[in-house]
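Take a look at the structure set out below.
We name chains A, B, ... by the order of the sequence lines, and we start the count at 1 in each one. What you see is a predicted model; the values in this text were computed from it and never measured.
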Amino acid sequence: AQKITQTQPGMFVQEKEAVTLDCTYDTSDPSYGLFWYKQPSSGEMIFLIYQGSYDQQNATEGRYSLNFQKARKSANLVISASQLGDSAMYFCARGARGSTLGRLYFGRGTQLTVWP
Amino acid sequence: KAGVTQTPRYLIKTRGQQVTLSCSPISGHRSVSWYQQTPGQGLQFLFEYFSETQRNKGNFPGRFSGRQFSNSRSEMNVSTLELGDSALYLCASSPGTGLVNEQFFGPGTRLTVL
């Protein structure tokens, strides 16, 4: 199975607070990558952060960090100091090398709302 | 570098018609993947083209087809449109080689079938 699970359909956070969006995945591939994308209401998927399965350190990109726990198969996104513009749908996705190199498997997403 | 472009951005068609969507990847990227996004099914992979060849295919009927040109631009065609084909169609561009490729998405084409 290539399932990506995002258990939080919706999350609410106050501006300037940190928030964690959960993601777990199921794979038997030894080498894979984990991605987080942001999708505002306009529809465009915006790449946020990437974590390779062999990376020793958790990925960080500005206010975004990825809490990667390989043994638990989880890749939670942490957004620090939330801003109103962070309100959007967030998707976790997994990609792999080999025969499915060009394909991503997506979760159902988490709708984040940041309130003032 | 210019990002991924998709045309048209919006499209309204009627049942039974056919439609062609276009995607221009980031310069130098050789892989283009297509996804369908609907509220009910979420994001579903349609297919991926790499160097003018279909390399991966999702679980969609044969009405959905695609192709890639020598300049890596890709088109997706849907024939005999059905109401259920109404969706946001996203294309993603990536280098297509190496380990696991980051994919960069275009703004999408929103197709409405009446």
Proximity breakdown for B:Phe47 and chain A, heavy-atom pairs closer than 4.5 Å: neither
Parallel, tilted or perpendicular: ring planes of A:Phe91 versus A:Phe106, cut at 30 and 60 degrees: perpendicular
B:Pro95, part contacting chain A, at a heavy-atom distance under 4.5 Å: neither
Aromatic ring pairing A:Phe68/A:Tyr32, orientation class (parallel under 30°, perpendicular over 60°, tilted between): perpendicular
Heavy-atom side-chain contact between A:Asp22 and A:Ser74 under 4.5 Å: no
Sidechain N-carboxylate O distance under 4.0 Å for B:Lys13, B:Asp85: no
Option that, when pairs with chain A are counted at under 4.5 Å, heavy atom only, ranks first among B:Gln41, B:Arg110, B:Gln44: B:Gln41
